[in-house]
Amino acid sequence: VTSTLRNAAVILGVGESEIGQVPDMTGLGLNAQAARRAIEDAGLQPGDIDGLLTAYSFTEPYFMLGSVLAEYLGLQPALCASMVAGGASPGVMIGHAAAAIASGRCRNVLICCGENRATGLARDDAVAALTAVGHPWYEAPYGAFIPALYALIARRHMHEFGTTAEQMASVSVQSRRHAGLHPKAHKRTPITLKDVLEAKRVSDPLGLLDCCLISDAAGAIVLSSPAGASKADKAAWLYGIGEHHTHEHLVAAPSLTAFGASESGRSAYDMAGLGPQDLRVAQLYDCFSIVPIIEADELGLSRPGQAGSAFAAGEFALGGRLPVNTHGGMLSHAHAGAAGGLFSVIEAVRQIRGECGDRQVASANVALVHNEGGILSSHCTMIFGAGPR
Amino acid sequence: VEAAGQGEIESLTIVRRAPTPAFRDKLPYAIVAVALPEGVRMITNLIGDGALEAQIGDKVVVCFEQRSNGALPQFKLSERAQ
């Protein structure tokens, strides 16, 4: 395959809804708010949008969510779908949207997702709904909910690589510190290593502060054709994108310690003609504190097997060698269904534009984003940058 | 794959917060990833003596719990690896 999406599309606009506990808004309402802000940020009108992609909602599980959202937004797009790859959905949607733009089917695709997961479901119902993600025969009957499945991965990682609970906790502490510099982040109160290590246990070795938030939030971006893009100086260009899918259920994963990020990363680096040494900032998926450690390792951001100690040493904190999750990630900024991975993209765009204020990374002209869905099942790596490449 | 019912713990976790009310009275309980020599992984419960103190590498053997909709295969420790 020789096709490329390098320079095929630019992100012209980004937007997010109100974030945190937003009981007075529906999930669709949050999406509409984020969408309106992204379209405005792009300098476009709703009528300029000719493609719409969204993901899924646990709180408002419409059968045809793409069409429902288009209807709600008053759009009649030429391309519309809901795509479900769990947390990897935003990356997967960006890949399909970029291909649609490259082929001339669309000019401006609105990619929008999120839900009112904090207030639209009782907390127990949210956890129970997520339990259904486990295999109905081979996982769920054992009480193997998502934190337990990630705990199995964390425990095996500790066994094989010497990763420690303190190293995982340092990921959570750093995320919270970064979130403190983001005015809209859901959780901004600083936490210490001791707080994380002594937090209520969920499934050993993971405690409550090793687990992502449950938020009301939606995010949106406008992905456009670079040709004639009105605000191309503000644009973040797509340099590379790659996916890799190895399993859905952990029971069928090829390994408990090696996942698809190395392969999706290689595809993205190859398409961009760049490597880990070229990155200035990275936004990794962080549904649990072990996950950025695995991803940093597989994406070549640290020496093999050393990502845990690199996090603990501050190499991935603001001011460190390669800042990661500068908005606070899903551990502290927001997690609302598929929106988590889209917030990573939004933060990458803002870093590239230099709009991040106190959390701005100097010369952030190349940014990596990694999305992951399921139990480290579906992976999508994206590389964006300032100006065409 | 026909399996003899023996395996080795590939990873394990002790669940301290129940996913649903049905599991609340079982807390804390052990979930293990078991590698079967036949080349299959199972994610299952470890029950019986020593289940909460088991280690990666411990050998386990299958046992069955009768539930309303059939027999559920689970595992118990057969011997310590060390």
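Chain A is the first sequence line, chain B the second, and so forth, proteins listed ahead of strands; every chain is numbered from 1.
- Within a 6.0 Å sphere centred on OH of A:Tyr62, other residues, nucleotides and ligands contribute 12 heavy atoms or fewer.
- At distances below 3.5 Å, not a single donor-acceptor pair connects side-chain atoms of B:Thr13 with backbone N or O atoms of A:Ala148.
- Residue A:Ala154: no heavy atom, backbone or side chain, is found under 4.5 Å from chain B.
- Contacts between A:Leu149 and chain B at a heavy-atom distance below 4.5 Å involve the side chain alone, from C-beta outward.
- Residues of residues 286-307 of chain A lying under 4.5 angstrom from chain B, judged on non-hydrogen atoms, do not exist.
- Atom CD in B:Glu10 sits 7.5 Å away from atom OG in A:Ser255 (nearest 0.5 Å).
- Legend: salt bridge (Lys or Arg N to Asp or Glu O under 4.0 Å) pairs involving residues 61-72 of chain B, not counting sequence neighbours, sorted by first then second residue: B:Glu65-B:Arg67.
- Looking only at side-chain heavy atoms (C-beta outward), B:Val15 and A:Phe145 come within less than 4.5 Å of each other.
- Of all residues spanning residues 29-41 of chain B, those with a heavy atom less than 4.5 Å away from chain A's heavy atoms are B:Tyr29, B:Ile31, B:Val32, B:Ala33, B:Arg41, arranged by number.
- The structure places CD1 of B:Ile14 at 9.5 Å from CZ of A:Arg155, a figure rounded to the nearest 0.5 Å.
- Nearest heavy-atom pair, B:Pro19 versus A:Gly143, reported as atom, atom and distance to 0.1 Å: CG-O, 3.9 Å.
- Heavy atoms of other residues, nucleotides or ligands lying less than 6.0 angstrom from CG of B:Asp25 number more than 12.
- For the pair A:Val202/B:Arg16, no side-chain contact is recorded, criterion being any heavy-atom separation below 4.5 Å from C-beta on.
- Atom CZ of A:Phe58 has more than 12 neighbouring heavy atoms from other residues, nucleotides or ligands inside a 6.0 Å radius.
- For the options B:Ala22, B:Ser11, B:Ala18, heavy-atom pairs under 4.5 Å to chain A are most numerous at B:Ser11.
- No part of B:Pro21 comes within reach of chain A, as not one of its non-hydrogen atoms sits under 4.5 angstrom from that chain.
- Only the side chain of B:Thr20 comes within less than 4.5 Å of a heavy atom of chain A; its backbone N, CA, C and O stay farther away.
- Contacts of residues 156-166 of chain A with chain B at a heavy-atom distance below 4.5 Å involve A:Arg156, A:His159, listed in sequence order.
- The OH atom of A:Tyr142 sits 10.5 Å away from atom CZ of B:Phe23, with the distance rounded to the nearest 0.5 Å.
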